[in-house]
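The figures here come from the full heavy-atom set of this structure, side chains too, leaving out hydrogens, waters and symmetry mates.
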Amino acid sequence: METIPVQTLITIVVIASVLILALAASIALDRNREAWKEGYEHALNVHRLIPSPRDEANIASAPRKYAQNRGPSWKDGYKSCLKAHGLPMTERDSQEMRSDPYASMDNAA
């Protein structure tokens, strides 16, 4: 029976580790992107705006940004909606941002 050289085993372990890390990073980016979309859509709902084709394009091209937690991505999406519609940040918007649905999950992590 032939044995596998140690160098080959090390190479396989390193490649597998890199693939696992890449997969984890991709999942985190997708979760943050989804949070951004939810923030954008929440701002549309708060301001009772009917989504336009431009909004649909903005949501479809949501950025895949790295963030430690989803809360900042949700807030970025909310702010992006306000900016896209030329709306100023109001006290109500500040309250909505404090009610970020991911805040409790982020704090628990």
Side-chain angles (χ1 to χ4, degrees):
M1 178 172 161
E2 260 184 67
T3 60
I4 299 174
V6 173
Q7 186 65 28
T8 303
L9 288 175
I10 292 172
T11 303
I12 290 170
V13 169
V14 168
I15 290 172
S17 299
V18 169
L19 290 174
I20 289 169
L21 290 173
L23 178 62
S26 179
I27 290 169
L29 288 172
D30 288 343
R31 290 175 67 191
N32 290 340
R33 184 177 190 199
E34 195 60 37
W36 188 95
K37 290 178 183 180
E38 289 173 11
Y40 194 101
E41 291 168 347
H42 185 73
L44 289 172
N45 291 334
V46 166
H47 291 279
R48 295 189 171 113
L49 299 170
I50 297 170
S52 66
R54 183 183 67 188
D55 290 317
E56 297 298 330
N58 287 343
I59 291 169
S61 65
R64 288 185 77 205
K65 298 188 322 184
Y66 176 76
Q68 184 71 22
N69 300 313
R70 288 179 283 176
S73 295
W74 186 89
K75 290 175 182 176
D76 286 347
Y78 192 101
K79 290 176 187 176
S80 293
C81 180
L82 295 179
K83 185 176 177 182
H85 288 273
L87 298 171
M89 176 72 79
T90 64
E91 180 58 33
R92 180 174 182 197
D93 294 316
S94 295
Q95 290 172 356
E96 290 294 328
M97 298 264 264
R98 284 191 291 275
S99 70
D100 162 15
Y102 294 106
S104 61
M105 286 183 261
D106 290 346
N107 291 336

Closest contact, heavy atoms only, Ala60 versus Arg33: O-NH2, 2.7 Å

OG on Ser73 to CH2 on Trp36, rounded to 0.5 Å: 10.0 Å

Considering all heavy atoms, the nearest Trp74-Met97 contact: CZ3-CA, 4.0 Å

Separation between CG of Asn32 and CG of Leu29, rounded to the nearest 0.5 Å: 6.5 Å

Separation of Ser61 OG from Glu56 CD (nearest 0.5 Å): 11.0 Å

Partner of Cys81 by side chain to side chain contact (heavy atoms under 4.5 Å, CB included), out of Leu44, Asn58, Ile59, Asn45: Leu44

Separation between NZ of Lys75 and CD of Glu96, rounded to the nearest 0.5 Å: 12.0 Å

Residue pairs passing the salt bridge (charged side-chain N to carboxylate O under 4.0 Å, His left out) test where at least one lies in residues 13-32, sequence neighbours excluded: Asp30-Arg64

Distance-only donor-acceptor hits, side chain of residues 6-18, under 3.5 Å, sequence neighbours excluded:
{"residue": "Thr11", "atom": "OG1", "partner": "Gln7", "partner atom": "O", "Å": "2.9"}
{"residue": "Ser17", "atom": "OG", "partner": "Val13", "partner atom": "O", "Å": "2.8"}

Which pairs of donor and acceptor atoms, one on a side chain in residues 82-90, lie under 3.5 Å apart (sequence neighbours left out)?
{"residue": "His85", "atom": "NE2", "partner": "Asp55", "partner atom": "OD1", "Å": "2.8"}
{"residue": "His85", "atom": "NE2", "partner": "Asp55", "partner atom": "OD2", "Å": "3.1"}
{"residue": "Thr90", "atom": "OG1", "partner": "Arg92", "partner atom": "N", "Å": "3.4"}
{"residue": "Thr90", "atom": "OG1", "partner": "Asp93", "partner atom": "N", "Å": "3.2"}
{"residue": "Thr90", "atom": "OG1", "partner": "Asp93", "partner atom": "OD2", "Å": "3.0"}

